[in-house]
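Shown next, in structure tokens, is the structure this report addresses.
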Amino acid sequence: MRVEIWSDIACPWCYIGKARFEKGLAGFAHRDEVEVVHRSFELDPGRAKGDTAQVIDMLAQKYGRTREEARSMEANVAANAQAEGLGYRTEGRDHGNTFDIHRLLHLAKARGRQDELLTLAYRANFAEERSVFDDSVLVELAVEAGLDADEARAVLADPEAYAAEVRADEQEASELGANAVPFFVLDRRYGISGGQPAEVFAQALEQAWKDRPLTAIGSDGAACDADGACEVPHSGGQG
């Protein structure tokens, strides 16, 4: 079974939702047969590379709130993150364009290290004083995830590297009707929007597993049809 997750590094509910999904998955009997694929989604695609702002200022401007109201919003998210055992800084975090991070995540996917890099990027952005909008930090994170530093630098230096893959993910999200993240798709049959409780993910995994299509293995074996006529297998020998 495949689970696809559309998310953005700048999205706190994606950070929290990933942790909750993983808790739901941990208790799933068939967890070793679940392939998890992370897909790209940008919350602020119009922001230019290098144009960063403090999160409190961004929230106040975006939602027409005072700085104190924006701090209260962040405190609420922080409480949810901490309830999942996640670190969360409410002050001093940057907000910016995440396109380069998504491109690097596609490199990580190609090298089998996508989840490792995503986990590190979330932690750096939300829990540590490391800006994921700084190329040098992204290279450090790539190395920590098991990627080659020179290859990561080459991707960041080439704006076309993995750009098509990011755009394809975003186009697919649009076609699926996903206009917010996190967005989880189970076997292209079930969709879950938002950072739901772990119990919701656990129930969805059970349902998706139960309803998964039956895979046929072999098509020419002996069988009985609906009329009761049974095929007699041919013996390979004489007599």
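Note that the numbering runs from 1 along the sequence shown for the chain.
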Pair Phe133-Thr98, side-chain contact (heavy atoms from CB on, under 4.5 Å): steps then yes or no: CA-CA 7 Å; Phe133 307 102; Thr98 55; 3.8 Å; yes
Intermediate values then yes/no, salt bridge (charged side-chain N to carboxylate O under 4.0 Å, His left out), Glu42 and Arg47: CA-CA 10 Å; Glu42 295 173 86; Arg47 186 179 287 267; over 6 Å; no
side-chain contact (heavy atoms from CB on, under 4.5 Å) between Gln114 and His38, worked out: CA-CA 8 Å; Gln114 187 186 43; His38 296 283; 3.7 Å; yes
side-chain contact (heavy atoms from CB on, under 4.5 Å) between Arg20 and Asn80, intermediate numbers included: CA-CA 11 Å; Arg20 290 176 174 174; Asn80 278 271; 3.3 Å; yes
Arg167 and Gln171: CA distance, side-chain angles, deciding distance, side-chain contact (heavy atoms from CB on, under 4.5 Å) verdict: CA-CA 6 Å; Arg167 296 301 184 213; Gln171 178 61 36; over 6 Å; no
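From Lys18, atom NZ reaches atom CD of Glu84 across 13.0 Å, with rounding to the nearest 0.5 Å. Considering CZ of Phe41 and CD1 of Ile5, their distance stands at 14.5 Å, rounded to 0.5 Å. Separating the OH atom in Tyr122 from the CD1 atom in Ile16 is a distance of 10.5 Å, to the nearest 0.5 Å. Between the CD atom in Glu4 and the CD atom in Glu35 there is a gap of 8.5 Å [rounded to 0.5 Å]. Atom OG of residue Ser7 and atom CG of residue Leu43 lie 9.5 Å apart, to the nearest 0.5 angstrom.
In this structure, Asp134 contributes its side chain and Ser136 its backbone to a donor-acceptor pair below 3.5 Å.
Counting only heavy atoms from C-beta outward, the side chains of Arg39 and Phe183 never approach each other to under 4.5 Å. Val36 has its side chain out of reach of Asp115: every pair of non-hydrogen atoms, C-beta onward, lies at least 4.5 Å apart. Taking the side chain as every heavy atom from C-beta outward, Leu138 and Val132 approach each other to under 4.5 Å.
Hydrophobic clustering (side-chain heavy atoms under 4.5 Å, transitive across Ile, Leu, Val, Met, Phe, Trp, Tyr) keeps Phe21 apart from Trp13. Linking Ile, Leu, Val, Met, Phe, Trp and Tyr whenever their side-chain heavy atoms come within less than 4.5 Å puts Leu141 and Ile101 in one cluster. Each of Leu25 and Leu118 belongs to its own hydrophobic cluster when Ile, Leu, Val, Met, Phe, Trp and Tyr are linked at side-chain heavy-atom distances under 4.5 angstrom. Clustering ILVMFWY residues whenever any of their side-chain heavy atoms sit less than 4.5 angstrom apart, transitively, puts Leu117 in the very cluster that holds Leu86. Cluster membership check: Tyr190 does not share its hydrophobic cluster with Val185, using side-chain heavy-atom separations under 4.5 Å among Ile, Leu, Val, Met, Phe, Trp and Tyr.
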When the side chains of residues 192-206 are checked against the rest of the protein, which donor-acceptor pairs come out under 3.5 Å, sequence neighbours left out?
| residue | atom | partner | partner atom | Å |
| --- | --- | --- | --- | --- |
| Gln196 | NE2 | Ser193 | O | 2.9 |

Validation: residues 53-65 side-chain donor-acceptor distances under 3.5 Å, sequence neighbours left out:
| residue | atom | partner | partner atom | Å |
| --- | --- | --- | --- | --- |
| Gln54 | NE2 | Asp94 | OD1 | 3.0 |
| Asp57 | OD1 | Arg67 | NH1 | 2.0 |

List, one per line, each side-chain donor-acceptor pair under 3.5 Å for residues 103-113, sequence neighbours excluded.
| residue | atom | partner | partner atom | Å |
| --- | --- | --- | --- | --- |
| Arg103 | NE | Asp100 | OD1 | 3.2 |
| Arg103 | NH1 | Val155 | O | 2.7 |
| Arg103 | NH1 | Asp158 | O | 2.7 |
| Arg103 | NH1 | Ala161 | O | 2.8 |
| Arg103 | NH2 | Asp100 | OD1 | 3.0 |
| Arg103 | NH2 | Val155 | O | 3.2 |
| Arg103 | NH2 | Leu156 | O | 3.4 |
| His106 | NE2 | Ser40 | OG | 3.3 |
| His106 | NE2 | Asp169 | OD2 | 3.0 |
| Arg111 | NE | Glu151 | OE1 | 3.2 |
| Arg111 | NE | Glu151 | OE2 | 3.2 |
| Arg111 | NH2 | Glu151 | OE2 | 2.4 |
| Arg113 | NE | Ala145 | O | 2.7 |
| Arg113 | NH2 | Ala145 | O | 3.3 |

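Residue Arg89 comes nearest to Glu128 through the heavy atom pair NH2-O, 2.7 Å, listed as atom of the first residue, atom of the second, then distance. Between Ala78 and Thr90, the shortest heavy-atom contact is CB-CG2, 3.6 Å. The shortest non-hydrogen separation linking Asn125 to Ala10 is ND2-CA, 4.1 Å. Across Ala208 and Leu186, no two heavy atoms sit closer than the pair CB-CD2, 3.8 Å.
Enclosure of atom CD in Glu175 by more than 12 non-hydrogen atoms of other residues, nucleotides or ligands within 6.0 angstrom is indicated.
For the pair Glu74 and Arg71, the salt-bridge criterion is not met [side-chain N within less than 4.0 Å of a carboxylate O]. With salt bridges taken as basic N to acidic carboxylate O contacts below 4.0 Å, one links Glu172 and Arg188.
Phe99 belongs to a hydrophobic cluster whose other members, connected by ILVMFWY side-chain contacts under 4.5 Å either directly or through intermediates, are Val166.
With sequence neighbours excluded, no residue forms a ring-ring contact (aromatic ring centres under 6.0 Å, His included) with Tyr162. Evaluation of the ring-ring contact (aromatic ring centres under 6.0 Å, His included) rule for Phe126 yields Tyr15, Tyr88 as partners, not counting sequence neighbours.
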